[in-house]
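Notes follow the structure.
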Number of protein chains: 2
Amino acid sequence: MAARYEQIAAELRDEILTGVHPVGSQLPSEAELAARYSAARGTVRQAVGILAAEGLVGSRQGARRIVLGGERSQSFAELHSFAQWARSQGHVVGGEVLGQRRRKAGPAESAKLGTAEVLEVLRLRTLEGEPVLLERTVYASWIAPAVEGLPRDCESVTQALYDGVGLVFAYGEHLIDAVSASSEDARLLGVRRGSPLLRQRRITTTQEGRPVEWSDDRYRAGSVAFSIRNSIGANPLARLAL
Amino acid sequence: MAARYEQIAAELRDEILTGVHPVGSQLPSEAELAARYSAARGTVRQAVGILAAEGLVGSRQGARRIVLGGERSQSFAELHSFAQWARSQGHVVGGEVLGQRRRKAGPAESAKLGTAEVLEVLRLRTLEGEPVLLERTVYASWIAPAVEGLPRDCESVTQALYDGVGLVFAYGEHLIDAVSASSEDARLLGVRRGSPLLRQRRITTTQEGRPVEWSDDRYRAGSVAFSIRNSIGANPLARLAL
DNA sequence: GATGATTTGTACGTATGTATT
DNA sequence: GAATACATACGTACAAATCAT
């Protein structure tokens, strides 16, 4: 069961997002909230402290808290699953496997994934039918059979692996930078060679720290951006379609 | 004067960084610390809460706190201050103001910053003498005088504004994507026109939610990447030089 | 502008729940 | 199971900043 202050934070967050407390308005005072929830002032302070760390409300000594900002992002799953993110944003997501083969792991791959053999997959993902993302993913050999068993147009690989073999991604490292489109990139994404792409390289592991995949994802410029909201307390991050 | 819990946090942080509490060791219990500093347990909890948010110590219910990291992960400051990040990584950072003028705010700027007039600043930043970043920043009018008073080659604007007028950045939103270099971008960064740049657009606010600046930062491809490590709980993020 | 009420920030102390050792 | 230690929650008091009169 969630702690009392978490419940209060959740209720207030919901009230903010549903417009009960519009952006720019004042939040009820700590005393009022304490009375409303039959809680001590300290408990209410813990709750609003969460919202402040999320950047949802601002705090100034002596003045009532002000509602600052709009929506909040559910950072983790979003960054690992293109399909889950896209669907939650109301986009029509598509995709297809363009190539798939087993091969020996290179030294760098072997070090990252801890296996001697890997499964290399090339996928093209679309939003509203437009190609936006080219994924070059290398899977560890122990998960390869499950991946090979997926349909070529599987929408959400993350979801399918969870449903199929109960695999849960729990941790990831991401590197985000910009690169020029190679000839192959350009042809598949429908852009000119040398045009800018947003690249996300990521390695994903299970809860126990076992590496699952290593991927080089390239987004067509102007299609997707990464959104990060950070305060001193917390760092939500998310994808964003342009 | 700093609050008592901030003093305690500072002392503990110093003891950790100087090796009094080595990495992997246990921190004294809350009760011990309360006795040592003649403070209430709640005050000690506020102090160690800061260290936990910084990633310096870990917390588990029932177990003593463990000292985690050597260095402080200041993921927040890092993403807002190029100079603070670069220096913490041992880079030689330089920079210069190329242009600066006051002008009327456009509708989008006015909505973002909440002022009718803005101060527009164009800065070129270097690492080891090489130009890597072009900053186009728009400041709210109330902070403009302080910014205009800075030297043209000021290394850390964030630091200077803190020292000068006590301004603390507390919250930010960032959009990261890739764009083609414009003619001006290309000339100033020393790359070909149309070559890929990593763009970071950010808006920064004070603790009270008052907008301070809106910036369009463009990094030369291959010079800097954004690094994100995310688990289900926390999302530290940082810049990374390539 | 000054005063007093309001509101948040800091600090104390106590009690109980829950996970670890 | 017992002892320890962190997590949650309550209540009180005063300081500091803000706001309304």
Side-chain angles (χ1 to χ4, degrees), chain A residues 1-12 16 21 24-68 207 231-234, chain B residues 1-13 16 21 24-68 142 165-168 170-171 205-210 232-234:
Chain A
M1 189 182 107
R4 187 85 181 99
Y5 73 91
E6 288 175 320
Q7 296 174 18
I8 296 175
E11 287 195 38
L12 285 174
I16 291 173
H21 306 295
S25 69
Q26 292 184 334
L27 218 58
S29 71
E30 294 175 2
E32 285 178 70
L33 292 173
R36 175 189 306 179
Y37 293 108
S38 303
R41 212 189 120 204
T43 306
V44 170
R45 280 181 64 79
Q46 281 183 273
V48 294
I50 293 178
L51 303 184
E54 291 174 352
L56 220 52
V57 302
S59 258
R60 281 155 61 216
Q61 185 171 2
R64 289 270 268 260
R65 286 188 175 79
I66 296 176
V67 177
L68 294 181
Q207 270 170 329
S231 62
I232 289 170
Chain B
M1 188 182 107
R4 186 87 182 98
Y5 73 92
E6 289 176 319
Q7 295 173 19
I8 297 176
E11 286 194 38
L12 285 174
R13 188 186 299 116
I16 291 173
H21 305 296
S25 69
Q26 293 184 332
L27 218 58
S29 72
E30 293 176 1
E32 285 177 71
L33 292 173
R36 176 189 304 179
Y37 293 107
S38 304
R41 219 191 111 201
T43 306
V44 170
R45 279 181 65 80
Q46 286 186 78
V48 294
I50 293 178
L51 303 184
E54 291 174 352
L56 217 51
V57 302
S59 261
R60 279 159 61 221
Q61 185 172 6
R64 289 271 269 261
R65 286 188 175 78
I66 295 178
V67 178
L68 292 181
W142 59 272
V165 294
L167 179 69
V168 178
Y171 186 75
T205 69
T206 65
Q207 237 178 341
E208 306 90 48
R210 196 179 191 190
I232 289 167

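Letters A, B, ... mirror the listed sequences (proteins, then strands); counts begin at 1.
Ionic pairing of B:R41 and B:E30 is present here: one or more N-O contacts between side-chain nitrogen and carboxylate oxygen are shorter than 4.0 angstrom. The residues A:R36 and A:E11 are annotated as not salt-bridged, no charged nitrogen and carboxylate oxygen being separated by less than 4.0 angstrom.
Two residues are said to be in side-chain contact when any heavy atoms from C-beta on lie closer than 4.5 Å; B:T206 and B:V168 fail this criterion.
Contact record, B:R65 with B:S59: NE-OG, 2.7 Å, taken as the closest heavy-atom pair.
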Can you build the contact string for nucleotides 5-12 of chain D? Use B for base contact, S for sugar-phosphate-only contact, and - for no protein heavy atom under 4.0 Å. BBBBSB--
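At whole-Å resolution of the value, CD1 in B:I66 and P in D:dT4 are 19 Å apart.
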For the pair B:I8 and B:L33, evaluate side-chain contact (heavy atoms from CB on, under 4.5 Å) and give the outcome as yes or no after the intermediate values. CA-CA 9 Å; B:I8 297 176; B:L33 292 173; 5.9 Å; no
